[in-house]
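Both backbone and side-chain heavy atoms feed into the values below; hydrogens, waters and symmetry mates do not.
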Protein chains: 6
Amino acid sequence: MKIAVYPGSFDPITNGHLDVIERAAKLFEKVIVAVIHNPEKNPYFNFKERIAMIKAAVPHCKNVEIDSFDGLLVDYVRTKKARSIVRGLRAVSDFDYEFQMALTNRKMASEIETVFLMTDYKYSYLSSSFVKQIARRGGDISGLVPPAVAKRLMKAKGAK
Amino acid sequence: MKIAVYPGSFDPITNGHLDVIERAAKLFEKVIVAVIHNPEKNPYFNFKERIAMIKAAVPHCKNVEIDSFDGLLVDYVRTKKARSIVRGLRAVSDFDYEFQMALTNRKMASEIETVFLMTDYKYSYLSSSFVKQIARRGGDISGLVPPAVAKRLMKAKGAK
Amino acid sequence: MKIAVYPGSFDPITNGHLDVIERAAKLFEKVIVAVIHNPEKNPYFNFKERIAMIKAAVPHCKNVEIDSFDGLLVDYVRTKKARSIVRGLRAVSDFDYEFQMALTNRKMASEIETVFLMTDYKYSYLSSSFVKQIARRGGDISGLVPPAVAKRLMKAKGAK
Amino acid sequence: MKIAVYPGSFDPITNGHLDVIERAAKLFEKVIVAVIHNPEKNPYFNFKERIAMIKAAVPHCKNVEIDSFDGLLVDYVRTKKARSIVRGLRAVSDFDYEFQMALTNRKMASEIETVFLMTDYKYSYLSSSFVKQIARRGGDISGLVPPAVAKRLMKAKGAK
Amino acid sequence: MKIAVYPGSFDPITNGHLDVIERAAKLFEKVIVAVIHNPEKNPYFNFKERIAMIKAAVPHCKNVEIDSFDGLLVDYVRTKKARSIVRGLRAVSDFDYEFQMALTNRKMASEIETVFLMTDYKYSYLSSSFVKQIARRGGDISGLVPPAVAKRLMKAKGAK
Amino acid sequence: MKIAVYPGSFDPITNGHLDVIERAAKLFEKVIVAVIHNPEKNPYFNFKERIAMIKAAVPHCKNVEIDSFDGLLVDYVRTKKARSIVRGLRAVSDFDYEFQMALTNRKMASEIETVFLMTDYKYSYLSSSFVKQIARRGGDISGLVPPAVAKRLMKAKGAK
């Protein structure tokens with residue numbers, strides 16, 4: 001259980017994601033936070049911004065790397081010689097989606113195991129889209145996202 | 001428990017929404033039906049139409065006001081000196097979304113309580129999007145929505 | 001919305017129940033915490049103990065009464081001239097049971113409304129049976145239940 | 001799709017069960033309502049009473065037979081030369097249990113198909129145990145169960 | 001129970017759909033696989049392609065017809081003199097959507113029954129959108145879809 | 001991530017449990033299968049039998065130990081110097097229970113992480129109680145449990 005990949009859009013990273021990263025960093029020797037490069041999906045923050053915000057948020061975990069990928073997740077995981085995919089489960093969450101993804105990945109790469117960790121219940125209500133919605137309407141998002149994200153979301157709002 | 005806000009897109013109001021309004025009107029001294037003004041979301045009926053249809057449907061509740069807001073719901077609730085947000089729960093429903101919204105609102109305004117009322121099971125299958133889908137395909141929607149809405153939906157269909 | 005009944009077995013009362021009581025006490029003029037007297041169910045604490053523990057926990061809410069009932073809940077609610085039943089919803093919870101109960105009560109007494117409040121997410125994992133299970137196995141339950149309950153649970157454990 | 005078996009404890013039969021039987025009777029040439037004989041489970045009504053109450057409730061469906069079985073459901077279904085098992089799904093329901101049962105039966109007898117029908121939403125809150133609980137506490141159960149069941153439940157209550 | 005309609009977008013047909021078709025074909029005298037013609041929804045494969053792929057996949061079921069419809073499903077079902085709508089339920093699935101649709105259809109046409117069949121657990125994770133997502137990212141989709149679909153998806157990918 | 005504890009009643013061990021053990025054994029340096037000693041719960045197989053059946057089933061995993069505990073799980077985990085609790089998630093499963101347990105354990109021992117692994121979908125319908133129910137009614141349980149368990153279940157049935 002040396003290396004694990006924690007994939008996501010991170011559009012933007014929230015304190016819930018950070019919580020999962022910190023938990024995974026204690027379990028695995030190395031955790032690779034892997035930002036999905038899906039230009040078709042029209043993200044709120046572009047690829048570079050999303051990576052920059054993660055970098056600003058996780059300097060305190062020594063065994064955490066930040067990377068990105070396009071193509072198939074399991075291919076990326078194999079490239080990295082990782083054997084585990086980390087996913088956070090929230091008490092308020094969409095199991096169906098997580099299970100579909102985990103079962104599909106297992107079907108394509110049976111040697112890779114999806115490991116589910118439970119987010120702190122403090123963050124059980126948090127999602128990137130909720131954070132963006134609150135910011136768009138002028139709500140206070142400090143406490144929901146790392147400081148660098150809060151700053152950018154506020155700036156983005158001003159610009160739009 | 002004087003004033004409660006019942007927020008929604010109401011695109012359009014259904015008999016399920018009406019049922020919740022009537023239940024809330026018995027519990028609270030004043031219920032404000034507050035239409036969310038979200039131009040980005042590209043609603044089927046424009047803002048004025050949605051308000052007009054609610055007005056046509058609820059003249060019989062004396063302690064019900066119809067209003068609208070943009071920005072953050074909790075800010076609006078505070079402006080109205082209300083302390084409660086009303087939401088309908090359907091037996092067939094998306095708790096996850098409701099819980100995320102309620103928990104997020106509580107995080108931002110702990111003095112405001114979300115109060116969930118249960119829709120009549122007759123309406124447990126009803127949603128604005130289902131009604132629009134049925135109307136678009138030529139189905140009979142009387143019994144699902146107030147008469148004024150049925151009329152407009154039929155007209156809208158003809159025009160499109 | 002003068003009077004509400006908050007029914008339950010309270011075997012024993014937890015901090016989650018207390019949280020609901022405090023929220024309800026802000027919404028209603030009077031909240032009656034009503035302990036169900038169901039001798040057939042073989043509770044852990046007897047009827048008097050359960051009431052005593054609630055009394056020890058809620059002296060700070062002036063508009064909260066503690067009472068008990070047997071027979072049908074809706075009959076009791078009518079006797080008390082209340083119009084609302086309060087129930088707590090936890091993010092981790094059994095909606096099905098709550099919905100069955102609420103729909104059955106509505107069927108029997110359509111003038112009585114069940115009002116669902118959301119427990120603080122801090123208590124989303126709490127239930128009386130979990131608390132008893134932890135106490136039985138020697139776990140620390142302070143923080144999960146009011147002090148008087150913690151004391152009795154520890155004593156009960158010693159005696160058994 | 002000649003013959004279908006509708007298995008259950010029917011302790012006692014409710015109007016929700018009846019609704020499923022009537023729906024199934026329109027779909028299949030013959031529907032066998034099959035009461036599970038599980039003496040270990042300590043039912044409220046004994047085996048004969050449960051069958052008698054079903055018989056009193058369904059004389060109006062000509063292609064409905066009432067029978068009983070012990071042992072394995074799929075063995076019974078084979079004996080009856082049936083190919084389908086009917087189960088009712090309620091909007092408020094335990095899918096997990098139904099799915100476990102259906103998947104287990106398929107594992108043991110792949111030629112037998114479980115067919116799920118949706119109960120009328122009027123009965124979505126109904127279950128045998130709720131009915132018994134209401135009757136025990138003196139509630140009005142007419143409208144929830146067939147008349148013969150209501151009569152017996154009232155009598156049983158008086159006797160106990 | 002002569003004729004059943006199995007409606008869907010089938011964009012594209014998966015092995016999970018095929019599994020449901022085969023199960024339905026054993027239960028009913030005739031099964032009509034009915035492709036929804038919804039030009040507004042911007043499907044991945046056009047109408048003709050979707051029908052062609054179904055035709056290539058189901059030649060082995062003699063009592064299966066392939067057809068299409070626009071307008072209201074229940075109107076189409078009536079036209080075909082069918083009395084049943086078939087839907088597959090997956091262990092990993094969206095009951096809410098299925099229930100809304102089934103209850104809405106029943107409201108509009110009470111004589112038509114929705115019959116739910118359980119997909120083989122092998123396909124519990126499968127959906128058309130997952131298959132497209134995997135293909136788009138270069139994953140191996142043989143085993144998830146009929147051969148003709150796999151071929152087209154690969155070709156479509158190359159073209160785009 | 002050296003040592004993990006996989007706790008359970010294992011009354012009896014099923015092929016689903018075995019699947020989780022094998023997955024965990026690949027992730028962790030050592031996996032301790034820990035049988036809960038709860039005499040109050042009146043298990044079907046006694047404590048020794050349950051342990052013997054696990055031992056017979058897992059000789060092929062070199063880094064798997066079989067042990068037992070009473071008292072609090074987190075205390076036991078600490079004694080073993082483990083930092084992880086392993087739990088299997090089934091597509092057909094009770095998340096609520098798992099989440100309550102995981103959150104309660106985290107509350108009591110924040111340094112211990114619960115790691116959820118997904119059972120093979122082949123076993124998504126399997127549970128110890130289902131296996132016992134099938135065996136009791138004379139069904140074929142080979143394929144659901146390890147051979148030693150099947151033998152004992154058959155013998156137990158004969159004796160009872």
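- Proximity to chain B is limited to the side chain of C:Arg106, based on heavy atoms less than 4.5 angstrom apart.
- Looking only at side-chain heavy atoms (C-beta outward), B:Met118 and C:Leu103 come within less than 4.5 Å of each other.
- The two atoms that bring C:Glu113 and B:Arg23 nearest to each other are OE1-NH1, 3.0 Å, heavy atoms only.
- Within a 6.0 Å radius of CZ in B:Arg83, other residues, nucleotides and ligands contribute 12 heavy atoms or fewer.
- One distance of note links OG1 of C:Thr114 with CG of B:Leu89; it measures 11.5 Å at 0.5 Å rounding.
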Enumerate, atom names and distances included, each donor-acceptor pair closer than 3.5 Å involving a side-chain atom of residues 50-58 of chain C, sequence neighbours excluded.
residue, atom, partner, partner atom, Å
C:Arg50, NE, C:Phe45, O, 3.1
C:Arg50, NH1, C:Ser9, O, 3.0
C:Arg50, NH1, C:Ile36, O, 3.4

